[in-house]
Amino acid sequence: LRVSRNGGARTDAFRRLSQEYGKSDKWERRMLFVGGVCAGVKEEFSLKLFRIFFVDTVVSCLSDHVPNVRRKACELLPLVRAALADPAHSGLMEGVSAAEQRLVRDSDRDVAEAAKRLAPASATVNRGEWDAQGDEGKLKDEYAVHGSLSDKPFPPKASGGGHVWHASHHSTRS
């Protein structure tokens, strides 16, 4: 996806990854989303792009009914906090903080331990640390492909189907 210069194709791919993996009925796909897709996105794209397309789904995975998905999603807490560091996203950050508090008391011991280990680390991560890791260059490339990325919802696919993501929405998995 990084080499694709087609903004529409990238947007479609990000939307499909989030929907078909992060919100799949199959736990294996949700596990692949939090364990693989998001790690690749972190390496190749900016925090802003991660926030626009993936944070909502990662936060819903923190409430997944499968403990291993919750545990793996805990590993993304520092990334989620960095992506939401801007005060404009304080509503979502409150939801993340509530999820962290719930996860440290999770009935699954491995989930609770992961949350206890990562929640304090995620609280100390700030956007500046991530920016120093090359976010600026990634943003320039994304601007060249997508134009100005905003937190406004991207238009639905031409077929009329698909989920329209908006940064102010927060859904949880039942």
Side-chain angles (χ1 to χ4, degrees), residues 1-2 13-136 138-139 151 163 165-174:
L1 286 172
R2 186 83 179 138
F14 296 144
R15 184 184 297 117
R16 288 183 62 215
L17 284 169
S18 186
Q19 189 67 34
E20 294 176 15
Y21 286 85
K23 296 180 180 181
S24 174
D25 290 336
K26 297 180 180 185
W27 73 268
E28 295 95 339
R29 283 182 165 225
R30 295 189 310 274
M31 188 73 168
L32 182 60
F33 176 79
V34 293
V37 170
C38 290
V41 168
K42 172 190 163 202
E43 294 300 317
E44 297 296 327
F45 299 99
S46 71
L47 283 172
K48 184 173 187 176
L49 187 134
F50 177 77
R51 182 183 69 245
I52 291 170
F53 291 101
F54 299 100
V55 163
D56 181 59
T57 306
V58 170
V59 172
S60 71
C61 287
L62 292 169
S63 300
D64 200 277
H65 66 277
V66 176
N68 280 341
V69 174
R70 291 193 309 273
R71 180 188 53 78
K72 199 67 171 168
C74 283
E75 295 176 12
L76 296 172
L77 284 169
L79 180 61
V80 168
R81 280 198 169 273
L84 298 175
D86 187 318
H89 307 293
S90 61
L92 278 174
M93 187 63 86
E94 288 173 13
V96 170
S97 296
E100 287 175 339
Q101 291 171 10
R102 187 183 69 256
L103 289 164
V104 296
R105 297 183 311 276
D106 198 278
S107 60
D108 185 273
R109 185 185 70 200
D110 294 334
V111 172
E113 286 177 13
K116 287 174 188 169
R117 186 178 72 249
L118 291 161
S122 72
T124 62
V125 171
N126 66 48
R127 188 170 179 79
E129 292 173 26
W130 288 95
D131 286 343
Q133 295 179 5
D135 213 36
E136 189 174 312
K138 294 172 185 176
L139 278 168
D151 288 325
H163 173 75
W165 193 93
H166 191 281
S168 65
H169 293 167
H170 169 68
S171 61
T172 56
R173 178 173 294 287
S174 321

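Each residue takes its place number in the sequence, starting with 1. Just the heavy atoms: all of them, side chains too, but no hydrogens, waters or symmetry mates, feed the values below.
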For the ring-ring contact (aromatic ring centres under 6.0 Å, His included) test, which of F53, F14, F50 pairs with F45?
F14
What residues form a side chain to side chain contact (heavy atoms under 4.5 Å, CB included) with E75, not counting sequence neighbours?
R71, K72, L118
Which residues pass the side chain to side chain contact (heavy atoms under 4.5 Å, CB included) test with V37, sequence neighbours left out?
L17, F33, V41, F54
Qualifying residues under side chain to side chain donor-acceptor pair (under 3.5 Å), relative to [X], sequence neighbours excluded:
{"X": "S90", "answer": "none"}
{"X": "R70", "answer": "D106"}
{"X": "R102", "answer": "S63"}

Could you tell me which non-hydrogen atom of [X] sits nearest to which non-hydrogen atom of [Y], and how far apart they are?
{"X": "G22", "Y": "C61", "answer": "O-SG, 3.7 Å"}
{"X": "C38", "Y": "L76", "answer": "CB-CD1, 3.7 Å"}
{"X": "V34", "Y": "V69", "answer": "CG2-O, 4.1 Å"}

Indicate yes or no: at least one non-hydrogen side-chain atom of [X] is less than 4.5 angstrom from one of [Y].
{"X": "L84", "Y": "L47", "result": "no"}
{"X": "V59", "Y": "L92", "result": "no"}
{"X": "L103", "Y": "C74", "result": "yes"}

So CD of E44 and CG of L49: to nearest 0.5 Å the spacing works out to 11.5 Å
CG of D64 to CE of M31: how many Å apart, nearest 0.5 Å?
10.0 Å
By salt bridge (charged side-chain N to carboxylate O under 4.0 Å, His left out) - contacts of E113 (at least two apart)
R109
Is there a donor-acceptor pair closer than 3.5 Å between any side-chain N or O of [X] and the backbone N or O of [Y]?
{"X": "S60", "Y": "T57", "result": "yes"}
{"X": "D108", "Y": "V111", "result": "yes"}
{"X": "R29", "Y": "D25", "result": "no"}

Residues R15, E20; criterion side chain to side chain contact (heavy atoms under 4.5 Å, CB included); working and verdict:
CA-CA 8 Å; R15 184 184 297 117; E20 294 176 15; over 6 Å; no
Closer than 4.0 angstrom, basic N to acidic O: yes or no for R81 and E100?
yes
Under the criterion side chain to side chain contact (heavy atoms under 4.5 Å, CB included), I'd like the reasoning laid out for K23 against D56: C-alpha separation, chi angles, the key distance, then a yes or no.
CA-CA 10 Å; K23 296 180 180 181; D56 181 59; 3.6 Å; yes
